Enquirer: 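Take a look at this one; I'll ask things after.
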Amino acid sequence: MNILILGGNRFFGRSLAVKLLDQGHQVTLLNRGSRDDGLGNKVSRLQCDRTQAQELQKCVGETQWDIVYDQVCFTAREAKAAVEIFRGKVKHYVFTSTQSVYDPASDIGEEVFDPYNYQFNRVITREESYSEAKRQSEAVFFEKTDFPVTAVRFPIVLGPDDYTERFLFHIKKVSQGEEIYFPAIDSKISFIHSQDAADVLEFLGKLPPQGPVNAASSEPISLKSFMQEIEKTVGQKAVFSKESTETNTSPYGIESDWFMNMQKLKSLGYEARPIKEWLGFEVRSILDSMSL
C-alpha cells in the first residue's frame with residue numbers, strides 16, 4: 001500500500017513507519033523540518049509546513065494514498081485544509097486524536113463525545129485549549145469529508161524517545177530525592193506504551209473505518225501505583241509534598257479519575273499490554289540513560 005504519515009519522524013509516529021516498512025508498504029513521511037528519522041532511503045520524504053494549506057497542497061499534489069495517518073493535526077483550520085486537499089485522494093484517513101476530548105471521568109466510552117454532531121462558532125487554537133481544538137478537529141473530519149475516517153483517541157503515551165519529558169520528570173524527582181505533588185494521588189488514569197500506540201494505528205489502518213476509537217492499555221492505573229512502580233525500580237521512596245509549587249507539581253496531576261473504556265477496541269480484536277507489564281522496564285531504561 002501507498003501510505004503517507006504526516007509527522008512520522010519521531011516517537012510513535014516513527015515506530016509506525018518502521019512497522020509499515022517491515023510489512024513491505026511504501027511509506028512517505030511529511031514533516032516541517034529536517035530531523036533525521038534514521039530510516040535512510042527506506043522512506044520517501046516531503047518537507048512542508050502542514051499548517052500552511054497552500055504549502056501542503058503543493059507538497060502532496062495529486063498523489064493517491066491508500067492510508068493517510070495524520071499525527072499532527074491540532075486545529076479545525078488544519079483539519080478543514082486536509083479535508084479539501086485530500087478529497088478524492090485517500091481511501092482511509094486515520095487521525096491521531098486524544099483522550100483530552102473528554103472531561104475527567106471514569107470508564108469513558110466513545111459515545112461521551114459525539115464528533116458527528118458537534119457545533120462550534122469559532123476555531124480555537126491549541127494554545128487556547130488543546131482539548132477543544134481536538135474536539136473541533138474531529139468534528140470537521142467526521143462532518144465535512146468525502147473520505148472515510150478513524151479517529152484514535154490516545155491517552156498519555158509513554159516510551160522511548162518521549163520528547164515531552166513528562167515521564168522523565170517523575171523519575172528524576174524520585175531518583176534525586178526531590179518533592180513531587182499530586183492533587184489526588186489515588187486517582188486512576190489511562191496510559192499507553194508508544195509501541196502499542198504504533199501497533200494500534202497500524203491495526204486500525206487496515207480495518208474498515210471505525211469512527212472514534214479509544215486506544216489505551218487494557219486497564220488504568222492509579223497514580224499511587226504508578227509512583228510505586230517508579231519507586232521500586234529506582235530503589236528509593238518518593239518525597240510527596242502537600243503543597244503545589246511551580247517546580248514540584250506532576251504533569252500527570254489530575255484531580256479525579258480520568259480513564260477510558262476499552263471495550264470497542266477489544267471487540268475489534270486488539271488489546272494493548274497492561275501498564276505494569278512494561279512500566280518498570282521503561283523506568284529502568286531511562287535510569288540507565290541518565291547514568292551515561
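Please read these numbers as outputs of a predicted model, since none were measured by experiment. Hydrogens, waters and symmetry mates play no part in the numbers below; they use all other heavy atoms, side chains included.
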Enquirer: Do T96 and V72 have side chains that approach each other closer than 4.5 Å (heavy atoms only, starting at C-beta)?
Expert: no

Enquirer: Sequence neighbours left out, what passes ring-ring contact (aromatic ring centres under 6.0 Å, His included) with Y93? Give chain and number order.
Expert: F86, F141, F147

Enquirer: Checking side-chain contact (heavy atoms from CB on, under 4.5 Å) for the pair V239/I180: CA distance, chi angles, key distance, verdict?
Expert: CA-CA 6 Å; V239 181; I180 186 168; over 6 Å; no

Enquirer: Between the side chain of N248 and the main-chain N/O of T245, is any donor-acceptor distance below 3.5 Å?
Expert: yes

Enquirer: What I'd like to find out is whether the side chain of L56 reaches to under 4.5 Å of the side chain of D49, using heavy atoms alone.
Expert: no

Enquirer: Side chains of D66 and N2: donor-acceptor distance under 3.5 Å anywhere?
Expert: no

Enquirer: Can you find a heavy atom in the side chain of I108 that is under 4.5 Å from one in the side chain of N261?
Expert: no

Enquirer: Strictly by salt bridge (charged side-chain N to carboxylate O under 4.0 Å, His left out), give each pair with a member in residues 128-137 just once, sequence neighbours left out.
Expert: D103-R135, R122-E128, E132-R135

Enquirer: Under the rule for ring-ring contact (aromatic ring centres under 6.0 Å, His included), what residues qualify as partners of Y270, not counting sequence neighbours?
Expert: F203

Enquirer: For Q23 and E202, does a side-chain donor sit closer than 3.5 Å to a side-chain acceptor?
Expert: yes

Enquirer: Are any non-hydrogen side-chain atoms of W65 and M1 less than 4.5 angstrom apart?
Expert: no

Enquirer: To check you understand the geometry: which heavy-atom pair defines the closest contact between P208 and Q210, and what is its length?
Expert: O-NE2, 2.8 Å

Enquirer: Quick one: closest heavy-atom pair of A216 and S190, and the distance?
Expert: CB-CB, 4.0 Å

Enquirer: For F191, what residues pass the ring-ring contact (aromatic ring centres under 6.0 Å, His included) criterion, not counting sequence neighbours?
Expert: F226, Y252

Enquirer: Mind checking what makes salt bridge (Lys or Arg N to Asp or Glu O under 4.0 Å) contact with R153, not counting sequence neighbours?
Expert: E138

Enquirer: Can you tell me how far apart CG (L204) and NE2 (H92) are? Round to the nearest 0.5 Å.
Expert: 7.5 Å

Enquirer: Return the set of residues passing salt bridge (Lys or Arg N to Asp or Glu O under 4.0 Å) with D37 (not counting sequence neighbours), or none when no residue passes.
Expert: R45

Enquirer: Any side-chain hydrogen bond (donor to acceptor under 3.5 Å, both in side chains) involving residues 273-282? Give me the pairs, sequence neighbours left out, ordered by first then second residue.
Expert: H193-R273, H193-E282, D196-R273

Enquirer: Begin with the C-alpha distance, continue with both residues' side-chain angles, and end with the deciding distance and a verdict on side-chain contact (heavy atoms from CB on, under 4.5 Å) for C59 and L46.
Expert: CA-CA 7 Å; C59 202; L46 299 173; 3.4 Å; yes

Enquirer: Would you name the heavy atoms of T75 and T125 that are closest together and state the gap between them?
Expert: CG2-CA, 4.2 Å

Enquirer: Mark yes when over 12 heavy atoms from residues, nucleotides or ligands other than Q64 sit less than 6.0 Å from its CD; otherwise mark no.
Expert: yes

Enquirer: Keeping D36 on the side-chain end and G38 on the backbone end, is there a donor-acceptor pair under 3.5 Å?
Expert: yes

Enquirer: Take atom NZ of K89 as the centre, draw a 6.0 Å sphere, and report whether it contains more than 12 heavy atoms from other residues, nucleotides or ligands.
Expert: yes

Enquirer: Tell me every residue that passes side-chain hydrogen bond (donor to acceptor under 3.5 Å, both in side chains) with E178, counting only those two or more places apart in sequence or in another chain.
Expert: K173

Enquirer: What are the two closest non-hydrogen atoms of C73 and A79, and how far apart are they?
Expert: SG-N, 3.6 Å

Enquirer: Using a 4.5 Å cut-off on heavy atoms from C-beta on, say whether the side chain of P115 contacts that of P212.
Expert: yes

Enquirer: Going by ring-ring contact (aromatic ring centres under 6.0 Å, His included), name the residues that satisfy it together with Y118, two or more places apart in sequence or in a different chain.
Expert: F113

Enquirer: Does CD belonging to Q54 count more than 12 external heavy atoms closer than 6.0 Å?
Expert: no

Enquirer: So, S285 and D288: side-chain donor and acceptor under 3.5 Å apart, yes or no?
Expert: no

Enquirer: Within this structure, what is the CD1-CD1 distance for the pair I189 and I156, rounded to the nearest 0.5 Å?
Expert: 4.0 Å

Enquirer: Among V18, V27, N9, which residue satisfies the side-chain contact (heavy atoms from CB on, under 4.5 Å) criterion with L39?
Expert: V18

Enquirer: Mind checking the CD-CE spacing from E110 to M262? Nearest 0.5 Å is all I need.
Expert: 7.0 Å

Enquirer: Can you find a side-chain donor-acceptor pair between S244 and T249 that sits under 3.5 Å?
Expert: yes

Enquirer: ring-ring contact (aromatic ring centres under 6.0 Å, His included), that's the test. Do Y69 and F95 meet it? Break it down for me.
Expert: CA-CA 6 Å; Y69 288 101; F95 170 51; over 10 Å; no

Enquirer: Any luck finding a side-chain donor-acceptor pair between E78 and T51 under 3.5 Å?
Expert: no

Enquirer: How far apart are the C-alpha atoms of E179 and T247, what are their side-chain angles, what is the distance that settles it, and do they pass the side-chain contact (heavy atoms from CB on, under 4.5 Å) test?
Expert: CA-CA 9 Å; E179 289 188 345; T247 59; over 6 Å; no

Enquirer: Just grab all the salt bridge (charged side-chain N to carboxylate O under 4.0 Å, His left out) pairs involving residues 14-34, residues at least two apart or on different chains.
Expert: K19-D199

Enquirer: Are any of the side-chain heavy atoms of Y102 and W258 separated by less than 4.5 Å?
Expert: yes

Enquirer: Atom CG in L279, atom CZ in F167: separation rounded to 0.5 Å?
Expert: 5.0 Å

Enquirer: With under 30° as parallel and over 60° as perpendicular, where do the rings of Y163 and F11 fit, or are they tilted in between?
Expert: perpendicular

Enquirer: Would L158 and I192 count as a side-chain contact (heavy atoms from CB on, under 4.5 Å) here? Give the steps.
Expert: CA-CA 6 Å; L158 304 181; I192 191 170; over 6 Å; no

Enquirer: Which atoms form the tightest heavy-atom contact between F12 and S194, and what is the distance?
Expert: CB-O, 3.3 Å

Enquirer: Using the test side chain to side chain contact (heavy atoms under 4.5 Å, CB included), find all partners of T233 that sit at least two apart in sequence or belong to another chain.
Expert: V283, R284, L287

Enquirer: With a sphere of 6.0 Å drawn around NZ of K144, does it hold more than 12 non-hydrogen atoms of other residues, nucleotides or ligands?
Expert: no

Enquirer: If you count the non-hydrogen atoms of other residues, nucleotides and ligands that lie under 6.0 Å from CZ in F281, is the total more than 12?
Expert: no

Enquirer: State, with a plain yes or no, whether a side-chain heavy atom of V68 is found less than 4.5 Å away from one of V94.
Expert: no

Enquirer: Nearest heavy-atom pair of P155 and A215: which atoms, and what distance?
Expert: CD-O, 3.0 Å

Enquirer: Tell me, do L4 and V60 make a side-chain contact under 4.5 Å, heavy atoms counted?
Expert: yes

Enquirer: In Å and rounded to the nearest 0.5 Å, what is the OG to NZ distance from S137 to K80?
Expert: 10.0 Å

Enquirer: When you measure from the side chain of S175 to the backbone of K172, do you find a donor-acceptor pair of N or O atoms at a distance under 3.5 Å?
Expert: yes

Enquirer: Please enumerate all residues that pass side chain to side chain contact (heavy atoms under 4.5 Å, CB included) together with E165, with sequence neighbours excluded.
Expert: L168

Enquirer: Is any side-chain N of the basic residue among E55 and K58 closer than 4.0 Å to the acidic one's carboxylate O?
Expert: no

Enquirer: Roughly how far, to the nearest 0.5 Å, is OG of S217 from CD1 of I275?
Expert: 4.5 Å

